Visitor: 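I'd like to ask some things about the structure below.
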Amino acid sequence: MSRSAFCSANCSKTATQSAPSLLAVPSDDPSFTLVANQFANEWKHTATPPTVKYVYRIVLTARLKDPFEKRRESIERNNNFKSQGMLEANERRRWHGTRRECRVGDPGAGALTMCNSPTCYLCIIMRTSFDVAKCSFGCLFGRGIYTSGTSSKSDTYVTQVAQSKYQAMLMTRVLAGNAIKFTVPDPTLVAAPPGYDAIRGVPGNGLLYDELIVYDNDQVRPFYLVIYEK
């Protein structure tokens, strides 16, 4: 993990050694502002977006970081996105909403503690990342890992079980690579078409908001935990 304004070199080393873990991002840190602004700017379902209250950087284990980096290098080597003025492997920051059974991220004691419930998918993803094998069949673009550039769309998948006035969402890093546009759903998909790395679902027949779908576990990683209040 790289050094940041809110975490010293020693802090970064400690966080990495204790990974998976969470680092609280101060509200006056540029990273907090970038995440909060993206959340607000990409909220489309209501005129006024919810307020981002807390942001946490998700520190991953080397076992999760290394395959992601290798996949990014492979996609970039095949497509040369950087030479086109794009991020390596056409990396995108996208939203993912899921089930939170606990209060991880809420203020107070235990804010940084991920729970061990086998059905708290938020904590499972933060601990072990995404697993396409656990994804459901019958989705619009088949059995893949779904993210969106519309935060309010991802909010529709957020479920809060433990009593809390807050909601939790993940900002992810997605290696979109050479993504093909789909306007018509195809629930039979289990991979992107040959020559492509991902599918971009664009609004059209049966789809109201954008989606970015990958079918390789190592093309997506959780990045930030975002806690917001409606």
Side-chain angles (χ1 to χ4, degrees), residues 35 37-50 52 68 71-72 74-76 78-81 84-100 121-122 124-125 129-160 167-224 226 228 230:
V35 172
N37 285 348
Q38 183 173 339
F39 180 90
N41 292 337
E42 295 178 344
W43 186 275
K44 299 178 181 179
H45 284 60
T46 58
T48 303
V52 172
F68 180 80
R71 182 67 175 134
R72 181 168 63 176
S74 174
I75 292 175
E76 177 62 26
N78 293 331
N79 296 276
N80 298 313
F81 290 106
Q84 304 172 50
M86 304 167 70
L87 292 179
E88 187 175 2
N90 192 17
E91 181 177 327
R92 303 299 178 98
R93 293 187 179 186
R94 291 292 184 264
W95 304 103
H96 182 84
T98 189
R99 176 185 176 93
R100 180 175 73 149
Y121 304 130
L122 181 79
I124 291 172
I125 291 170
S129 193
F130 296 85
D131 186 355
V132 72
K134 297 178 181 178
C135 298
S136 301
F137 287 103
C139 296
L140 288 180
F141 299 100
R143 197 177 193 186
I145 300 167
Y146 289 67
T147 58
S148 178
T150 303
S151 54
S152 53
K153 174 181 175 62
S154 295
D155 174 73
T156 64
Y157 294 93
V158 170
T159 300
Q160 178 59 42
Q167 305 286 316
M169 188 183 297
L170 295 170
M171 173 183 274
T172 67
R173 299 173 66 188
V174 186
L175 305 179
N178 186 20
I180 184 173
K181 294 181 182 180
F182 270 52
T183 57
V184 178
D186 184 352
T188 66
L189 291 168
V190 293
Y196 294 94
D197 303 299
I199 287 176
R200 285 181 54 205
V202 297
N205 297 324
L207 188 65
L208 297 177
Y209 299 94
D210 70 282
E211 292 186 324
L212 178 59
I213 306 98
V214 296
Y215 302 84
D216 184 327
N217 290 342
D218 292 328
Q219 280 180 239
V220 58
R221 289 292 185 266
F223 193 25
Y224 287 104
V226 180
Y228 56 102
K230 291 184 176 180

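Worth saying up front: this structure is predicted, and the values here are computed from it rather than measured. Each residue takes its place number in the sequence, starting with 1.
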Visitor: For Asp216, check salt bridge (Lys or Arg N to Asp or Glu O under 4.0 Å) against everything at least two apart and list the hits.
Guide: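 Asp216: salt bridge (Lys or Arg N to Asp or Glu O under 4.0 Å) contacts with Arg71.
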Visitor: Filter on side chain to side chain donor-acceptor pair (under 3.5 Å), then keep only pairs touching residues 175-185, sequence neighbours left out; what's left?
Guide: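 Qualifying pairs, neighbours excluded: none.
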Visitor: Between OG1 of Thr98 and CG of Leu122, what distance do you get to the nearest 0.5 Å?
Guide: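 Taking OG1 in Thr98 and CG in Leu122, the distance rounds to 7.0 Å.
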Visitor: Between Glu88 and Phe81, is a side-chain contact (heavy atoms from CB on, under 4.5 Å) present by the stated rule, with each step listed?
Guide: CA-CA 6 Å; Glu88 187 175 2; Phe81 290 106; over 6 Å; no
Visitor: Apply side chain to side chain donor-acceptor pair (under 3.5 Å) to Asn78 and list each qualifying residue two or more places apart in sequence or on a separate chain.
Guide: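 Scan of Asn78 (side chain to side chain donor-acceptor pair (under 3.5 Å), adjacent residues dropped) gives none.
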Visitor: For residues 131-144, which residue pairs pass the salt bridge (Lys or Arg N to Asp or Glu O under 4.0 Å) check, not counting sequence neighbours?
Guide: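 Qualifying pairs, neighbours excluded: none.
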Visitor: Sequence neighbours excluded, which residues qualify as side chain to side chain donor-acceptor pair (under 3.5 Å) partners of Gln160?
Guide: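 With neighbours one apart ignored, the set is Arg100.
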Visitor: Taking ring-ring contact (aromatic ring centres under 6.0 Å, His included) as the test, write out the residues that go with Tyr228, two or more places apart.
Guide: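 With neighbours one apart ignored, the set is Phe39.
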Visitor: Quick check: do Ile75 and Asn90 have side-chain heavy atoms less than 4.5 Å from each other?
Guide: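 The answer is no; the side chains never approach within 4.5 Å.
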Visitor: Who are the side chain to side chain donor-acceptor pair (under 3.5 Å) partners of Glu76, not counting sequence neighbours?
Guide: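 Checked Glu76 against side chain to side chain donor-acceptor pair (under 3.5 Å); zero matches.
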Visitor: Does anything in residues 201-211 form a salt bridge (Lys or Arg N to Asp or Glu O under 4.0 Å)? List the pairs, not counting sequence neighbours.
Guide: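 Pairs touching residues 201-211 that pass the test: Lys153-Glu211.
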Visitor: How would you list, by chain and number, every residue that makes a salt bridge (Lys or Arg N to Asp or Glu O under 4.0 Å) with Arg94, sequence neighbours excluded?
Guide: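 Listed in chain order: nothing, the list is empty.
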Visitor: Sorted by first residue and then second, give each side chain to side chain donor-acceptor pair (under 3.5 Å) pair with at least one member in residues 185-203; sequence neighbours left out.
Guide: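 Output for this query lists Asp186-Thr188.
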Visitor: For Val220, does its backbone N or O pair with a side-chain atom of Thr172 as donor and acceptor, under 3.5 Å?
Guide: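 Absent.
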Visitor: Donor-acceptor check, side chain of His96 to backbone of Tyr146, threshold 3.5 angstrom: yes or no?
Guide: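 Yes, the answer is positive, given that a donor and an acceptor are paired below the 3.5 Å cut-off.
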Visitor: Just by distance, do the side chain of Thr150 and the backbone of Glu42 share a donor-acceptor pair under 3.5 Å?
Guide: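 Not confirmed, Thr150 side chain does not pair with Glu42 backbone.
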Visitor: Partners of Tyr209 by ring-ring contact (aromatic ring centres under 6.0 Å, His included), sequence neighbours excluded?
Guide: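 With neighbours one apart ignored, the set is His45.
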Visitor: Under a 3.5 Å distance rule, please check whether Gln38 uses its side chain to pair with a backbone N or O of Met171 as donor and acceptor.
Guide: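 Checking the backbone N and O of Met171 against the side chain of Gln38, no donor-acceptor pair under 3.5 Å is found.
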Visitor: Under the side chain to side chain donor-acceptor pair (under 3.5 Å) rule, collect the residues that match up with Lys230, sequence neighbours excluded.
Guide: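 In terms of side chain to side chain donor-acceptor pair (under 3.5 Å), with neighbours along the sequence ignored, Lys230 is linked to Asp155.
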